Amino acid sequence: MTETNRTEAGAGRTPRQSWMDLLRGLAILLVVAFHSVTILNRVDLPPPAWLKEISDFFALYRMPTLMFLSGLLLPQSLKKGSAVYFAGKVRSVWWPYLLWSAVTAVVFARDVSSVSAILSLLNGGSYLWFLYFVGLFYVFAYLVKSFNFLLVAVAIFGIAVLVSFGSPGIVVHTRMFHLMTYFFLGAFAGRHWNAFLALIDRRESLFAAAAAAIGGVCVAYFDVKSNPAFIALTLAFVIAACHLSRKVAGQRWTHLPNYVGRNSLKFYVSHFPAIYLFDVMAVRLGVTTADIVAVASMIFALSVGLMLSVASERSKVVQLLFSIPKFRKPSTARPASA
């Protein structure tokens, strides 16, 4: 029995596994690529068509996949007890959200001169909206922990549909309820871990990959990133991505995305200001070829995330950029018996 299989043998548990880190890391890389395109507008450079098309292909899938993976680990997190559960979310979700929101305000010269301006920033008003949503989802998940998560997901999906009619387009509340659906679908899968693995390990999952590929080509030309009408395509992608990630996890080429996935928070919070500052500097130095700037900014952002990840493993000060450390009582050694 392999190490992964021994881990999975613990029935009812949702352990951290390399394939999940791999899939999370690939999704983060897609987010970095997406922002390397969109941030070019801030420095008056046209986005490269080829990179924009690749980014648009995955527009329907990036964030729902990350939400689904976050939900997968929810059941195990809830088993830790209320105090540990909420303390963990404060340390690893709300703390970096508030801290990097302050960084955002400084880097992008955001208006924080009034309470309303600050609330606008903190109410999902920056690239950190994912952390804001996840933080809210964790609070709500605790309130409905005794319910069937599939029923919760269905109810939230219904709300997402209603909200999409009331406020079409990419707005905070449309996106929030849409993505919350995938969070609770992931939580449902996490509660039925062995059945979920049996589903995604079936060869038929490759048919889902074909459907997701066709859907990606179609929706790349339409603004449907938060449209709940395409949930079937998105779920097809999630199933296929989970299947393929389990197949290739452990191969040599997966080491980088796997590392990014294990340190996803560090790469996520740091990549946006890193790309922006790189683009500003590049333009000031006279580099105006959008293709070069976009690719170089991705490499720079990943390098910054890598340096912060390595530094956080060695320095508690750097760790504070991403989480509040746990405070443990010093252990008292028993005196040796005479």
Side-chain angles (χ1 to χ4, degrees), residues 24-56 58-59 62-63 66 93 95-113 117-134 170-172 175 223 225-226 256-257 260 263-312 318 320-322:
R24 184 181 293 105
L26 291 172
I28 291 293
L29 291 176
L30 289 174
V31 171
V32 174
F34 168 68
H35 284 142
S36 73
V37 172
T38 59
I39 294 177
L40 287 174
N41 293 325
R42 293 174 178 262
V43 292
D44 299 323
L45 289 180
W50 63 273
L51 188 55
K52 186 178 185 303
E53 289 177 1
I54 293 174
S55 181
D56 287 346
F58 291 100
R62 287 185 301 261
M63 306 317 290
L66 286 172
V93 178
W95 168 256
Y97 176 68
L98 294 174
L99 179 62
W100 284 86
S101 292
V103 173
T104 299
V106 173
V107 173
F108 296 94
R110 292 288 297 267
D111 177 24
V112 290
S113 60
I118 295 175
L119 292 178
S120 176
L121 172 64
L122 296 180
N123 189 24
S126 74
Y127 75 98
L128 298 167
W129 61 263
F130 178 83
L131 282 180
Y132 175 69
F133 281 4
V134 167
I170 304 301
V171 297
V172 171
R175 180 187 288 169
D223 189 15
K225 291 184 276 298
S226 286
L256 175 59
V260 173
N263 297 276
S264 57
L265 174 66
K266 303 175 183 67
F267 284 88
Y268 175 72
V269 298
S270 65
H271 82 278
F272 198 93
I275 292 174
Y276 174 72
L277 293 174
F278 181 90
D279 287 0
V280 170
M281 186 60 64
V283 170
R284 289 182 178 178
L285 292 176
V287 182
T288 57
T289 304
D291 301 68
I292 295 176
V293 175
V295 174
S297 68
M298 278 191 286
I299 296 173
F300 179 74
L302 292 175
S303 300
V304 170
L306 179 61
M307 288 187 292
L308 289 172
S309 298
V310 173
S312 68
V318 180
L320 280 171
L321 294 174
F322 310 105

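Remember, predicted model here, so these are calculated numbers, not experimental data.
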Side chains of [X] and [Y]: closer than 4.5 Å at any heavy-atom pair?
| X | Y | answer |
| --- | --- | --- |
| Y132 | V93 | no |
| P46 | L40 | no |
| V134 | F130 | yes |
| L66 | R62 | no |
| L320 | L99 | no |
| V295 | I299 | yes |
| L45 | V283 | yes |

Between [atom1] of [X] and [atom2] of [Y], what distance do you get to the nearest 0.5 Å?
| X | Y | atom1 | atom2 | result |
| --- | --- | --- | --- | --- |
| S36 | L51 | OG | CG | 4.5 Å |
| T38 | N41 | OG1 | CG | 7.0 Å |
| S55 | H35 | OG | NE2 | 8.5 Å |
| H271 | F34 | NE2 | CZ | 9.0 Å |
| R110 | S120 | CZ | OG | 6.0 Å |
| I275 | I39 | CD1 | CD1 | 4.5 Å |

(message) Under the rule for ring pair (Phe, Tyr, Trp, His ring centres under 6.0 Å), what residues qualify as partners of W95, not counting sequence neighbours?
(response) none
(message) Quick one, Y268 with L131, criterion side-chain contact (heavy atoms from CB on, under 4.5 Å). Give me CA distance, side-chain angles, the key distance, then yes/no.
(response) CA-CA 10 Å; Y268 175 72; L131 282 180; 4.2 Å; yes
(request) Can you sort out the partners of F300 under side-chain contact (heavy atoms from CB on, under 4.5 Å), two or more places apart, ordered by chain and number? (result) A274, F278, V304
(message) Strictly distance-based, threshold 3.5 Å: is any side-chain N or O of Y127 a donor or acceptor partner for the main-chain N or O of T104?
(response) no
(request) State whether the side chain of D111 and the backbone N or O of S113 hold a donor-acceptor pair below 3.5 Å, judged by distance alone. (result) yes
What is the minimum heavy-atom distance between [X] and [Y], and which atoms define it?
| X | Y | answer |
| --- | --- | --- |
| S101 | L128 | N-CD1, 3.4 Å |
| W100 | P273 | CZ3-CG, 4.3 Å |
| S270 | G305 | OG-CA, 3.8 Å |
| V318 | L308 | CG1-O, 3.9 Å |
| L265 | F322 | CD2-O, 3.4 Å |
| A33 | M298 | CA-SD, 3.5 Å |

Taking distance alone, no hydrogens or angles, what donor-acceptor pairs closer than 3.5 Å link side-chain atoms of residues 25-32 to residues at least two apart or in another chain?
none

(message) Ring centroids only, cut at 6.0 angstrom: are F108 and F272 within range, meaning strictly under it?
(response) yes
(request) Given side-chain contact (heavy atoms from CB on, under 4.5 Å), test L302 with F267 step by step and report yes or no. (result) CA-CA 7 Å; L302 292 175; F267 284 88; 4.1 Å; yes
(request) Check the side chains of D291 and W50 for a donor-acceptor pair under 3.5 angstrom, ignoring hydrogens and angles. (result) yes
(request) Any chance you could lay out the side-chain contact (heavy atoms from CB on, under 4.5 Å) test for N263 and L306, step after step, and finish with the verdict? (result) CA-CA 9 Å; N263 297 276; L306 179 61; over 6 Å; no
(request) May I have the step-by-step check of side-chain contact (heavy atoms from CB on, under 4.5 Å) for S126 and L121, ending in yes or no? (result) CA-CA 6 Å; S126 74; L121 172 64; 4.0 Å; yes
(message) Against the six-membered ring of F133, is R175 placed for a cation-pi contact (under 6.0 Å from the centre, within 45° of the normal)?
(response) no
